[in-house]
Number of protein chains: 2
Amino acid sequence: MKDLHSLLQTTSLKATPQRLTILKTIDDAGHISIEDIYNEIKPIFPSISLATVYKNIHSLKDENILAEIHLQNSKPKYEIKKQPHGHFICKTCNQVYDFELQNVCNPNLNEIGVINESEVYLYGICKNCKG
Amino acid sequence: MKDLHSLLQTTSLKATPQRLTILKTIDDAGHISIEDIYNEIKPIFPSISLATVYKNIHSLKDENILAEIHLQNSKPKYEIKKQPHGHFICKTCNQVYDFELQNVCNPNLNEIGVINESEVYLYGICKNCKG
DNA sequence: GTCCATGCAAACGATTTGCATGCGT
DNA sequence: ACGCATGCAAATCGTTTGCATGGAC
(Lines give C-alpha, C1' and ligand atoms only; values in the text may rest on other atoms or scores of the structure.)
Protein backbone atom coordinates (compact mmCIF):
# COMPACT_ATOMS: atom_id res chain seq x y z
CA MET A 1 0.00 0.00 0.00
CA LYS A 2 3.06 2.24 0.44
CA ASP A 3 3.27 2.91 -3.29
CA LEU A 4 -0.34 3.98 -3.49
CA HIS A 5 0.35 6.35 -0.65
CA SER A 6 3.23 7.93 -2.49
CA LEU A 7 1.17 7.99 -5.67
CA LEU A 8 -1.27 10.23 -3.82
CA GLN A 9 1.56 12.44 -2.61
CA THR A 10 2.25 13.39 -6.22
CA THR A 11 -1.13 15.16 -6.11
CA SER A 12 -2.91 17.62 -3.86
CA LEU A 13 -5.17 14.89 -2.54
CA LYS A 14 -4.91 13.72 1.05
CA ALA A 15 -4.15 10.10 1.81
CA THR A 16 -7.25 9.12 3.75
CA PRO A 17 -7.90 5.48 4.58
CA GLN A 18 -11.00 5.53 2.38
CA ARG A 19 -9.10 6.89 -0.60
CA LEU A 20 -6.27 4.41 -0.15
CA THR A 21 -8.71 1.53 0.09
CA ILE A 22 -10.48 2.65 -3.07
CA LEU A 23 -7.17 2.79 -4.92
CA LYS A 24 -6.13 -0.61 -3.61
CA THR A 25 -9.46 -2.11 -4.64
CA ILE A 26 -9.09 -0.77 -8.17
CA ASP A 27 -5.49 -1.89 -8.36
CA ASP A 28 -6.36 -5.40 -7.22
CA ALA A 29 -9.31 -5.73 -9.55
CA GLY A 30 -7.62 -4.26 -12.59
CA HIS A 31 -10.86 -2.87 -14.01
CA ILE A 32 -13.86 -2.25 -11.79
CA SER A 33 -17.11 -0.29 -11.63
CA ILE A 34 -18.07 2.19 -8.93
CA GLU A 35 -20.72 -0.08 -7.49
CA ASP A 36 -18.32 -2.99 -7.31
CA ILE A 37 -15.72 -0.85 -5.59
CA TYR A 38 -18.35 0.08 -3.04
CA ASN A 39 -19.48 -3.51 -2.57
CA GLU A 40 -15.93 -4.73 -2.10
CA ILE A 41 -15.10 -2.10 0.46
CA LYS A 42 -18.36 -2.05 2.42
CA PRO A 43 -17.79 -5.32 4.35
CA ILE A 44 -14.31 -4.37 5.50
CA PHE A 45 -15.01 -0.64 5.96
CA PRO A 46 -18.72 -0.45 6.80
CA SER A 47 -18.91 3.28 7.33
CA ILE A 48 -17.94 4.12 3.78
CA SER A 49 -20.50 5.93 1.70
CA LEU A 50 -21.29 5.52 -1.97
CA ALA A 51 -21.01 9.29 -2.36
CA THR A 52 -17.45 9.10 -1.08
CA VAL A 53 -16.59 6.57 -3.75
CA TYR A 54 -18.10 8.80 -6.45
CA LYS A 55 -16.30 11.89 -5.20
CA ASN A 56 -13.00 10.08 -5.04
CA ILE A 57 -13.31 8.62 -8.48
CA HIS A 58 -13.83 12.13 -9.81
CA SER A 59 -10.91 13.69 -8.03
CA LEU A 60 -8.62 10.79 -8.91
CA LYS A 61 -9.67 11.08 -12.54
CA ASP A 62 -9.05 14.82 -12.45
CA GLU A 63 -5.58 14.18 -11.07
CA ASN A 64 -4.97 11.73 -13.89
CA ILE A 65 -4.47 8.77 -11.63
CA LEU A 66 -7.44 6.86 -12.98
CA ALA A 67 -8.66 6.09 -16.48
CA GLU A 68 -12.27 5.41 -17.30
CA ILE A 69 -13.15 2.68 -19.77
CA HIS A 70 -16.45 1.96 -21.48
CA LEU A 71 -17.19 -1.66 -22.29
CA GLN A 72 -20.28 -2.78 -24.17
CA ASN A 73 -23.40 -3.09 -22.04
CA SER A 74 -21.80 -2.08 -18.79
CA LYS A 75 -21.37 0.90 -16.55
CA PRO A 76 -18.02 2.66 -16.76
CA LYS A 77 -15.09 0.88 -15.20
CA TYR A 78 -11.92 2.37 -13.77
CA GLU A 79 -8.27 1.40 -13.80
CA ILE A 80 -5.05 2.88 -12.48
CA LYS A 81 -3.44 4.81 -15.34
CA LYS A 82 -0.50 2.99 -16.82
CA GLN A 83 1.16 2.98 -20.21
CA PRO A 84 -1.37 3.36 -23.02
CA HIS A 85 -2.84 -0.03 -23.90
CA GLY A 86 -5.81 -1.66 -25.55
CA HIS A 87 -8.47 -3.84 -23.97
CA PHE A 88 -9.49 -7.29 -25.10
CA ILE A 89 -12.80 -8.41 -23.62
CA CYS A 90 -13.78 -12.07 -23.67
CA LYS A 91 -17.48 -12.34 -24.47
CA THR A 92 -17.66 -15.68 -22.73
CA CYS A 93 -16.03 -15.04 -19.36
CA ASN A 94 -16.12 -11.22 -19.47
CA GLN A 95 -12.52 -11.01 -18.43
CA VAL A 96 -10.69 -7.91 -19.58
CA TYR A 97 -7.13 -8.36 -20.87
CA ASP A 98 -4.75 -5.47 -21.43
CA PHE A 99 -2.50 -5.60 -24.45
CA GLU A 100 0.23 -3.43 -25.86
CA LEU A 101 -1.03 -1.03 -28.45
CA GLN A 102 0.83 -0.71 -31.72
CA ASN A 103 0.18 2.43 -33.66
CA VAL A 104 -3.15 2.14 -35.37
CA CYS A 105 -1.89 3.44 -38.65
CA ASN A 106 -4.03 3.80 -41.67
CA PRO A 107 -3.22 5.87 -44.73
CA ASN A 108 -6.69 7.38 -44.69
CA LEU A 109 -6.07 8.85 -41.27
CA ASN A 110 -3.50 11.28 -42.62
CA GLU A 111 -6.27 12.89 -44.58
CA ILE A 112 -8.40 13.32 -41.50
CA GLY A 113 -6.05 14.75 -38.91
CA VAL A 114 -3.46 14.16 -36.20
CA ILE A 115 -4.01 11.63 -33.41
CA ASN A 116 -3.24 12.40 -29.78
CA GLU A 117 -5.00 9.64 -27.97
CA SER A 118 -6.60 6.31 -28.71
CA GLU A 119 -9.05 3.92 -27.17
CA VAL A 120 -9.18 0.41 -28.54
CA TYR A 121 -11.62 -2.27 -27.45
CA LEU A 122 -11.49 -5.72 -28.99
CA TYR A 123 -14.16 -8.31 -28.31
CA GLY A 124 -13.81 -12.02 -28.82
CA ILE A 125 -13.13 -15.29 -27.08
CA CYS A 126 -10.06 -15.75 -24.94
CA LYS A 127 -7.81 -18.80 -25.08
CA ASN A 128 -9.06 -20.11 -21.76
CA CYS A 129 -12.63 -20.17 -22.95
CA LYS A 130 -11.87 -21.46 -26.42
CA GLY A 131 -10.19 -24.43 -24.76
CA MET B 1 -36.98 7.14 -46.93
CA LYS B 2 -37.98 4.09 -48.96
CA ASP B 3 -34.74 2.30 -48.09
CA LEU B 4 -35.26 2.85 -44.38
CA HIS B 5 -38.70 1.38 -44.78
CA SER B 6 -37.34 -1.74 -46.39
CA LEU B 7 -34.59 -1.87 -43.79
CA LEU B 8 -37.32 -2.23 -41.19
CA GLN B 9 -39.00 -4.95 -43.19
CA THR B 10 -35.96 -7.14 -42.65
CA THR B 11 -36.99 -7.19 -38.99
CA SER B 12 -40.12 -7.88 -37.00
CA LEU B 13 -40.54 -4.18 -36.25
CA LYS B 14 -43.42 -2.22 -37.71
CA ALA B 15 -42.74 0.78 -39.90
CA THR B 16 -44.44 3.50 -37.90
CA PRO B 17 -43.94 7.15 -38.85
CA GLN B 18 -42.17 7.77 -35.53
CA ARG B 19 -39.76 4.91 -36.07
CA LEU B 20 -39.03 5.97 -39.64
CA THR B 21 -38.41 9.54 -38.54
CA ILE B 22 -36.04 8.39 -35.82
CA LEU B 23 -34.11 6.33 -38.33
CA LYS B 24 -33.98 9.19 -40.80
CA THR B 25 -32.76 11.58 -38.12
CA ILE B 26 -29.95 9.22 -37.15
CA ASP B 27 -29.07 8.61 -40.76
CA ASP B 28 -28.89 12.33 -41.52
CA ALA B 29 -26.85 13.17 -38.44
CA GLY B 30 -24.43 10.28 -38.72
CA HIS B 31 -23.92 10.02 -34.96
CA ILE B 32 -26.46 11.42 -32.55
CA SER B 33 -27.61 11.17 -28.93
CA ILE B 34 -31.12 10.25 -27.77
CA GLU B 35 -31.86 13.75 -26.53
CA ASP B 36 -30.75 15.27 -29.79
CA ILE B 37 -32.89 12.86 -31.78
CA TYR B 38 -35.83 13.93 -29.66
CA ASN B 39 -35.05 17.63 -30.05
CA GLU B 40 -34.73 17.31 -33.80
CA ILE B 41 -37.98 15.45 -34.19
CA LYS B 42 -40.11 17.37 -31.70
CA PRO B 43 -40.66 20.49 -33.85
CA ILE B 44 -41.75 18.56 -36.90
CA PHE B 45 -43.58 15.79 -35.01
CA PRO B 46 -44.79 17.45 -31.80
CA SER B 47 -46.66 14.48 -30.39
CA ILE B 48 -43.58 12.30 -30.13
CA SER B 49 -42.56 11.23 -26.66
CA LEU B 50 -39.06 10.82 -25.26
CA ALA B 51 -40.06 7.38 -24.04
CA THR B 52 -40.85 6.40 -27.61
CA VAL B 53 -37.37 7.40 -28.70
CA TYR B 54 -35.83 5.35 -25.91
CA LYS B 55 -37.98 2.30 -26.69
CA ASN B 56 -37.17 2.51 -30.37
CA ILE B 57 -33.46 2.86 -29.83
CA HIS B 58 -33.56 -0.31 -27.79
CA SER B 59 -35.55 -2.34 -30.26
CA LEU B 60 -33.46 -1.10 -33.19
CA LYS B 61 -30.29 -1.99 -31.31
CA ASP B 62 -31.70 -5.42 -30.53
CA GLU B 63 -32.45 -5.92 -34.21
CA ASN B 64 -28.87 -4.93 -35.02
CA ILE B 65 -29.85 -1.93 -37.07
CA LEU B 66 -28.15 0.54 -34.77
CA ALA B 67 -24.74 0.67 -33.17
CA GLU B 68 -24.05 2.51 -29.95
CA ILE B 69 -20.85 4.45 -29.58
CA HIS B 70 -19.29 5.91 -26.45
CA LEU B 71 -17.24 9.04 -26.88
CA GLN B 72 -15.34 10.65 -24.02
CA ASN B 73 -17.46 12.85 -21.77
CA SER B 74 -20.68 12.43 -23.64
CA LYS B 75 -23.86 10.42 -23.52
CA PRO B 76 -24.04 7.45 -25.86
CA LYS B 77 -24.58 8.22 -29.52
CA TYR B 78 -26.18 6.05 -32.17
CA GLU B 79 -25.48 5.34 -35.81
CA ILE B 80 -26.96 3.11 -38.48
CA LYS B 81 -24.89 -0.05 -38.62
CA LYS B 82 -22.64 -0.13 -41.66
CA GLN B 83 -19.36 -1.80 -42.47
CA PRO B 84 -17.11 -1.97 -39.40
CA HIS B 85 -15.17 1.28 -39.06
CA GLY B 86 -13.29 3.36 -36.53
CA HIS B 87 -14.14 6.80 -35.20
CA PHE B 88 -11.87 9.80 -35.20
CA ILE B 89 -13.06 12.58 -32.92
CA CYS B 90 -11.70 16.09 -33.27
CA LYS B 91 -11.16 17.55 -29.82
CA THR B 92 -11.50 21.05 -31.20
CA CYS B 93 -14.70 20.94 -33.23
CA ASN B 94 -16.09 17.67 -31.81
CA GLN B 95 -16.81 16.35 -35.25
CA VAL B 96 -16.80 12.58 -35.60
CA TYR B 97 -15.14 11.11 -38.69
CA ASP B 98 -15.54 7.50 -39.73
CA PHE B 99 -12.52 5.74 -41.15
CA GLU B 100 -11.83 2.35 -42.60
CA LEU B 101 -10.46 -0.05 -40.05
CA GLN B 102 -7.42 -2.10 -40.92
CA ASN B 103 -6.91 -5.18 -38.83
CA VAL B 104 -5.53 -4.14 -35.51
CA CYS B 105 -2.94 -6.82 -35.50
CA ASN B 106 -0.53 -7.36 -32.72
CA PRO B 107 1.49 -10.50 -32.14
CA ASN B 108 0.55 -10.46 -28.46
CA LEU B 109 -3.10 -10.78 -29.33
CA ASN B 110 -2.65 -14.30 -30.61
CA GLU B 111 -1.74 -15.30 -27.11
CA ILE B 112 -4.89 -13.80 -25.70
CA GLY B 113 -7.64 -15.04 -28.00
CA VAL B 114 -9.65 -14.60 -31.17
CA ILE B 115 -11.21 -11.28 -32.12
CA ASN B 116 -14.78 -10.99 -33.38
CA GLU B 117 -15.45 -7.34 -33.08
CA SER B 118 -13.55 -4.14 -32.51
CA GLU B 119 -14.23 -0.62 -31.37
CA VAL B 120 -11.61 1.98 -32.10
CA TYR B 121 -11.80 5.61 -31.01
CA LEU B 122 -9.04 8.01 -31.97
CA TYR B 123 -8.89 11.52 -30.58
CA GLY B 124 -6.96 14.40 -32.05
CA ILE B 125 -7.26 17.48 -34.20
CA CYS B 126 -8.78 17.32 -37.64
CA LYS B 127 -7.28 18.97 -40.72
CA ASN B 128 -9.95 21.67 -40.80
CA CYS B 129 -9.14 22.79 -37.27
CA LYS B 130 -5.39 22.49 -37.61
CA GLY B 131 -5.60 24.90 -40.54
C1' DG C 1 -5.52 25.26 13.30
C1' DT C 2 -6.66 24.98 8.59
C1' DC C 3 -8.68 22.98 4.92
C1' DC C 4 -9.99 19.09 2.67
C1' DA C 5 -12.62 14.61 3.14
C1' DT C 6 -16.38 11.95 4.81
C1' DG C 7 -21.14 10.43 5.40
C1' DC C 8 -25.75 11.28 5.38
C1' DA C 9 -29.95 12.73 3.27
C1' DA C 10 -32.08 15.25 -0.09
C1' DA C 11 -32.13 16.69 -4.91
C1' DC C 12 -31.55 15.88 -9.54
C1' DG C 13 -31.46 14.00 -14.20
C1' DA C 14 -31.67 10.20 -17.18
C1' DT C 15 -33.98 6.06 -18.27
C1' DT C 16 -37.61 2.63 -17.62
C1' DT C 17 -42.15 0.97 -16.71
C1' DG C 18 -47.33 0.30 -16.76
C1' DC C 19 -51.24 1.10 -18.91
C1' DA C 20 -54.85 2.82 -21.91
C1' DT C 21 -55.33 4.12 -26.67
C1' DG C 22 -53.99 4.06 -31.57
C1' DC C 23 -52.25 2.15 -35.78
C1' DG C 24 -49.60 -1.02 -39.06
C1' DT C 25 -50.09 -5.34 -40.83
C1' DA D 1 -59.02 -8.13 -35.86
C1' DC D 2 -54.60 -8.85 -33.68
C1' DG D 3 -50.68 -7.46 -31.65
C1' DC D 4 -47.22 -4.31 -31.49
C1' DA D 5 -46.28 0.85 -30.93
C1' DT D 6 -47.26 5.25 -28.93
C1' DG D 7 -47.68 8.76 -25.33
C1' DC D 8 -48.39 10.03 -20.87
C1' DA D 9 -47.34 9.93 -16.01
C1' DA D 10 -45.31 7.67 -12.36
C1' DA D 11 -41.57 4.98 -10.75
C1' DT D 12 -36.88 3.85 -10.61
C1' DC D 13 -31.97 4.13 -10.87
C1' DG D 14 -27.56 6.26 -10.95
C1' DT D 15 -25.19 10.24 -9.72
C1' DT D 16 -24.59 14.79 -7.60
C1' DT D 17 -25.08 18.25 -4.08
C1' DG D 18 -25.21 20.68 0.54
C1' DC D 19 -24.01 20.64 4.89
C1' DA D 20 -22.38 19.41 9.49
C1' DT D 21 -18.70 16.68 11.49
C1' DG D 22 -14.15 14.42 11.45
C1' DG D 23 -9.35 13.79 10.23
C1' DA D 24 -4.84 14.62 7.47
C1' DC D 25 -1.37 17.67 7.20
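Per chain, numbering begins at 1; letters A, B, ... match sequence-line order.
The distance from atom CD of Glu100(B) to atom CG of Leu109(A), rounded to the nearest 0.5 Å, is 10.0 Å.
Remark: C1' of dA14(C) and CD of Glu68(B) are 14 Å apart, rounded to the nearest angstrom. Across the protein-nucleic acid pair, Leu20(B) atom CG and dG24(C) atom P stand 10 Å apart, rounded to whole Å. Atom CG of Asp62(B) and atom P of dC4(D) are 15 Å apart (whole Å). Leu50(B) places its CG atom 9 Å from the C1' atom of dA14(C), with the value rounded to the nearest Å. Rounded to an integer number of Å, the gap from His5(B) NE2 to dT25(C) C1' is 10 Å. Put simply, OH on Tyr78(A) is 13 Å from P on dG14(D), counting in whole angstrom units.
Looking at heavy atoms from C-beta onward, His31(A) lies in side-chain contact with Asp98(A) at the 4.5 angstrom threshold.
Side-chain contact check for Glu63(B) and Thr10(B): no donor-acceptor pair (N or O, by modelled atom type) lies under 3.5 Å.
Residues forming a ring-ring contact (aromatic ring centres under 6.0 Å, His included) with Tyr38(A) (at least two apart in sequence, or on another chain): none.
Below 30°, between 30° and 60°, or above 60°: for His70(B) and His70(A) the angle between ring planes is below 30°, a parallel geometry. Below 30°, between 30° and 60°, or above 60°: for His87(A) and His85(A) the angle between ring planes is above 60°, a perpendicular geometry.
For His58(A), no side-chain nitrogen or oxygen approaches OP1 or OP2 of dT15(D) to under 4.0 Å.
Across residues 30-41 of chain A, Glu35(A) each have a non-hydrogen atom less than 4.0 Å from an atom of DNA chain D (numbered order).
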Protein-to-nucleotide contact annotation, 5' to 3' order, nucleotides 5-12 of chain D [B base; S sugar-phosphate only; - none; under 4.0 Å, heavy atom]: SSBB----
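Within a 6.0 Å sphere centred on NZ of Lys130(B), heavy atoms belonging to other residues, nucleotides or ligands number 12 at most.
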Audit row: Lys61(A), Glu68(A), salt bridge (charged side-chain N to carboxylate O under 4.0 Å, His left out) steps and yes/no: CA-CA 8 Å; Lys61(A) 248 199 342 166; Glu68(A) 188 178 62; 3.5 Å; yes
